Every structure is written in structure tokens, then in C-alpha cells.
Number of protein chains: 2
Amino acid sequence: MATMTDIAREAGVSLSTVSYALSGKRPISPATRERIQSAIDRLQYHPTASARALASQRTSLLGVAVPQREDVDAHVIMEFVSSILTASHEQDYDLLLVAAEDHERTRRVMDEGKVDALIVMDLVEDDPRIPSLAALPRPVVLIGYPQESGGLACVDFDFLSGAMLAVRELHARGSRRIGMLTSPAATHRPSPTYARRSRLGYTMACTELGIAPTIVEVPSDAESLGAFVREQLVQEQRFDALFVHQEPALAHLGRAFAAQGVACPEDVQIVAISPEDVAVSGPWDVSNVELPISSIGRTALAMLLEMLSGPAAPPHSRLLSPTFTPRGTTRA
Amino acid sequence: MATMTDIAREAGVSLSTVSYALSGKRPISPATRERIQSAIDRLQYHPTASARALASQRTSLLGVAVPQREDVDAHVIMEFVSSILTASHEQDYDLLLVAAEDHERTRRVMDEGKVDALIVMDLVEDDPRIPSLAALPRPVVLIGYPQESGGLACVDFDFLSGAMLAVRELHARGSRRIGMLTSPAATHRPSPTYARRSRLGYTMACTELGIAPTIVEVPSDAESLGAFVREQLVQEQRFDALFVHQEPALAHLGRAFAAQGVACPEDVQIVAISPEDVAVSGPWDVSNVELPISSIGRTALAMLLEMLSGPAAPPHSRLLSPTFTPRGTTRA
DNA sequence: CTGTTAGCGCGTTCAC
DNA sequence: GTGAACGCGCTAACAG
């Protein structure tokens, strides 16, 4: 491997001249610049990352803690990672992956200066990692919005506003018995930070509109959802609209509607919070409040880079605003 | 940030003693070992990764080139990454992610010594990156088995043997008109390295068994597969068994069978090549030849580490042997 | 068993 | 505009 010294010798100049020619931090005469470049090409020179990192105190690497638990949607994780990866390459950073479950390792990666900053995905309420992350000397951004973030920067979708928007849209389209469908709250396991927020937003919107909130928790399998449709929609006719915050339920719900003759949007309107692709991939095209995965990823990265540039802005959270997209499951 | 020099002073020993105490490359008396450890704790010392990398010529980082194209299954990619991540952590390596599409960057990461070795996923036939990868001075392992691998190490599932196994199992269970169902060969786009191999295995097995091979190419949407079932299975009764190498088709196929009254496994038996989770996630439980994603990932990592340890074994490929799991779509 | 010393390759002062 | 010198924090000979 050729070093800068080799280039200097080969080009007949001094070491620092090569350095300045490469960094551009000082004007270099076109002539020597030329000879240096040709030496670089000839010797196949590439700056050594670790030497550069040692001298400059920056690695051009960003850490990303990715969850590996079975119960988080691999597609969503992949889209987060992918958006962050693309954005970081644009800023000339590479990504260092660590398993979120291995928090010891996540810490080490920061402590040893393997990365310049860190993004942590899949935060949960009362996440035990928060104090430890807050104590780190380098920038950290959380994806998720825990109630107690320990002063850490957070980026997430604004689930509260999103839920309110969904309810208002259903209300504006004539529905008055608007239920919320969601997964059973896991009291034992840690709960994602968004679970509480969407419920709260739903309840607030109902209160604001003067209608009674009803949160229905149903497991995400076909049988449970079939039973829900039969009992609560067909027999009791309890709801004329559903706000669904439960992505895996959407497809089953659509089939249950079809099987049991529930007309949508005539009998029951539906608005979901979901990424666009799951809204349109099932048996029907679901009107939704968009969950902007890629935007969250890009925003998290942008925030991290701002923090790296300098402690300009005080620590804060960014919650992405909701947008509603009417599709086949709501009336005009 | 405390440095090793600080520790040495604090513990009243020499710099190298600290280094050796940490690396364990030299016996240290329990007494001084103790004082060093206490100094480390007291000063919150952590070795600096870049300095260590510069001096030791190894980064403890492995590169992984991940594809981001829409047409590769995010789940599969995620499972590859996840298995490699877990395995590398076990060997005390971290993973550096690069976008496979950005091959320029992939090269740079190797050339600048940001990683010790590289895994490249999602190889295609005549992959243009192969010559460039083969010229790299550090170990490279491909996931995939291109016809011309340029002497690079490859790891993949043995699709040829897998297809043969599938056909034999169907034949052993009484089927004689065994068709192969797969995605249309994209003549324009690059084709994954496994497409040809499973077709070849299917054809070879048929020949071996003295039956006529028929490869049917159907797009993976519900309509196309419905039409296929109606025309070729219900009307023509062309096949009494299908070997399916087309994961996204399985669920649609199951629903089409149900809708059109094709009895499985009575009328038509089915064996797929697929990961277990997709085999059992659809409307039926499909007998399958397992596509062992995690094993491929772990094997690729193991191979990389062997290459890093020393050029013991000559360059070679590893193809994982198929296993058949009977489920609901084959007879006893 | 422990100290001393010279690099690893690059960044950044200084004087020339 | 250019060259020499030192430091980043750690590793690994080479002594003792």
C-alpha cells in the first residue's frame, strides 16, 4: 500500500505539499498539483482511513443500532436503514451497524470512538438504555419519542396529531361512531413509544368532536379479526368508522369485510396509520395517514449531522407532521 | 478522554505494560494487573479504535454491501444482514454497511482500509463488479454463485441439488407430470445467479427420472396465477405436481387453488424452494426445500474469518445442501 | 515479568 | 508556495 510519503518522493515534493494538495486547504501550483496527481494514479494511492481518523479525530462513520427482535417488522427496519444509508453516503459517511440488543457493544462503539455519532432505533417506553446513552460524549439521536428521553434528541412521526387527523377526517365524512382498532397493549413486554401517543390522539380528537371514544384491542390474526367484524360490526353495528393503528391487521380486515358483506366505505369507513405500501398492498386501497419511514430516517440523519457540525441548536425533538391520503375506504 | 499514557502514569507502570495487560499478549503479574485495572476504572479509559487500527493494521470491521433495489425482498436482505451481524459480533467484529449500488464507494471502503474484509450480497450473472472485487487485496466473499466468479469465494444455497431434490420427492410421491413454476426470465435486467441453477436442476432431475420437463413462467400477481391455475390445472390438467421456485407466488397460488377447487395434495402436489417462514405463512403450509438464509449468512462470515486468519484453504465456493420438509402440500 | 523505543500514516503548525 | 517537525494513541519489537 502506497503512503503519502511514497507519493511525495515519487512526485519530488514534500509530504505536506501532498497533504495540502489533497485537502485543498491551501493553494498549490498547477504544475506540482499535476505531478502529485500522476504519482497518486501511478502508485494507486488511497489515504488510510485509520490514520486519517487518528489525526483528525473523526471517523466518517455513524453508528446505527438496529433491533433484531422477531416482533418488529423487518420491512420497516430495512427501510429505516436504507434511507439512513443513502442519506449518509450523500454526506460522505458510512454506517456502522450494531445489534440494538447488544447495548454493551453499542456503548463500546461510541466509547472507543469507532463512530462519530449514533442513531438508535426502536425505542420503547422507559427504555433502560436511555440513561446510558444520555451520558455519552458524542451526539445521539433516538428514533422514537419516549416520554422520558433524558434530554436526548428524538425523531419520530407525530402519532398524536396523526391520530387526531384520522379521526377528524372520518368525522368530516359523516361518521359519528368512530372506533379505534389496535394491538393489545402488552403489559408485560416493553411497549413501543408510539402506542400511547396514537391512543391519546384518538381520545383527544373524539373528545374535541363530542363523540365517545372506544378503543378495541384485537390480536392481528385472521380469526380474531374475523370475529371482531362479525360481532361488533355485523351484529352489533357498533361502529360506522374505524381508525386502525395496526398494520398487520389491514389485510385480514379487508378479507373479513368482503367475506361478511360489510360495505366499505358505505357501511364503515376506514382510515389507517401506515406506510403507503402496506396501505395499497392488501385486498383494498386503504385511506391512510402516512407513516413516513424514509423521512424519519433522513431527518434523524440530518439532525445528527447538525449536532456534529456544532452545538448550535439546543437539544430538541422533531415530530413529523401527518398527512392524510383519501383512498378507497373513505367516502368523498 | 483518558489515554493509555494516563493509565500508565496513574498506575505507576510503563506504557507497554498497560498495552500488554489489555491485549493479554504477555503475562502480567496479578499485582500490577490489578493496579492497571483500577486506574482504567478510575479514569474511565477506553482504547481508541482508530489508533489501535493504525498500529495493528486491522479495524475489526467487516464490510457488507447490501442491495437497495426495490425488487429484492427486504425481508431476505434483513435476515442476511441480521445473521451476519450476530455472527460477527460473536467474533468481536462490527459491520460496516455500504450500498451495493454505490460500487465506487464499496471499493473505496476497501482501498482506504476502513474494513478488513468484505461480503457482497445479491450477485447477478455477469456481475460487472466481479473483476474489480477480484483485484482487491483484502478477502472478499460473494453471496451468490455466478458462473464466472473470477476466482472469488462464493457462498450460496445449492439450488441445483435443491431443485433435483424437490422433483425427486414429488416423483417418489407418485407424480409424473411435474411442472416447474417460476418468474419470467428477465432477459433485459441482470438475473440472479440462482435462476439458472434451479431450472437446470429441475431439468436434470426430470431427465434422470424419464419424465418431460416443463418450465412455466408466470408473473407473481394474483390474476396471472389465477389464470394459470384455471387454464393449465383445471382445464388442461396438464400437471399433477408443481415445483415452485417463486416465493411471492405461493400465497396467490394457494388462494387460487381454494377458489377453483383444485385439491392439494390430492390433485396436485406442490414443493417449493423457499424460506420456512414464507412456506408456512400463507393460506396453506407448503412442503418445501428450505432456503437457509441465516446459514448462508453465517457461512459467509465464517469463510471470511478463515481467509483473514491466513490463506490456509485455496479459494473455493460453498454450496449449502438442501433439505426437504414435507408439509400439507404433498402426500405421505 | 517490566521498560524503552521506534514506528503505523496522516494532519497541522511553524519557519523557509 | 514549499519543506521539516511534531503529535494523534496504540502496537510490538528489542532490551533488561
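Order of the sequence lines fixes the chain letters, A, B, ..., with proteins taken first and strands second; residue numbering starts at 1 for each chain. Computed over heavy atoms, backbone and side chain alike; hydrogens, waters and symmetry mates excluded. The structure presented is a predicted model; accordingly, all values stated were derived computationally and were not measured.
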Identify whether any heavy atom of [X] sits under 4.0 Å from a base atom; if not, whether one sits that close to sugar-phosphate; answer base, sugar-phosphate or nothing.
X       : result
A/Val13 : sugar-phosphate
A/Ser50 : nothing
B/Ser23 : nothing

Quick one: does [X] reach the base of [N] with a side-chain donor-acceptor pair under 3.5 Å?
X       : N      : result
B/Ser16 : C/dT4  : yes
A/Ser56 : C/dG11 : no
B/Arg26 : C/dT2  : yes

Among [options], find the nucleotide with the atom closest to the side chain of [X].
X       : options               : value
B/Ile28 : C/dT2, C/dT12, D/dG9  : C/dT2
B/Gln57 : C/dC8, C/dC10, D/dC10 : C/dC8
B/Pro27 : D/dC10, D/dG3, C/dC1  : C/dC1

Look at the side-chain N and O atoms of [X] and state whether any lies under 4.0 Å from the OP1 or OP2 oxygen of [N].
X       : N      : answer
B/Thr17 : C/dT2  : no
B/Lys25 : D/dA12 : yes
B/Ser19 : D/dC10 : no

Subject >> Salt-bridge criterion met for A/Arg42 and A/Glu10 (N-O under 4.0 Å) >> reply: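 Between A/Glu10 and A/Arg42 there is a salt bridge, with a charged N closer than 4.0 Å to a carboxylate O.
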**OP:** Step through the shown structure and confirm whether more than 12 heavy atoms of other residues, nucleotides or ligands are within 6.0 Å of OH on A/Tyr45.
**Re:**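 More than 12 heavy atoms, drawn from other residues, nucleotides or ligands, come within 6.0 Å of this atom.
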Please report the distance, rounded to the nearest Å, between [atom1] in [X] and [atom2] in [N].
X       : N      : atom1 : atom2 : value
B/Met4  : C/dT5  : CE    : C1'   : 14 Å
B/Arg9  : D/dG9  : CZ    : C1'   : 14 Å
B/Leu54 : C/dA6  : CG    : P     : 18 Å
B/Tyr20 : D/dA12 : OH    : C1'   : 4 Å

**OP:** Kindly compute the distance separating CG (A/Leu319) from OG1 (A/Thr299), expressed to the nearest 0.5 Å.
**Re:**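 Going from the CG atom of A/Leu319 to the OG1 atom of A/Thr299 covers 10.5 Å.
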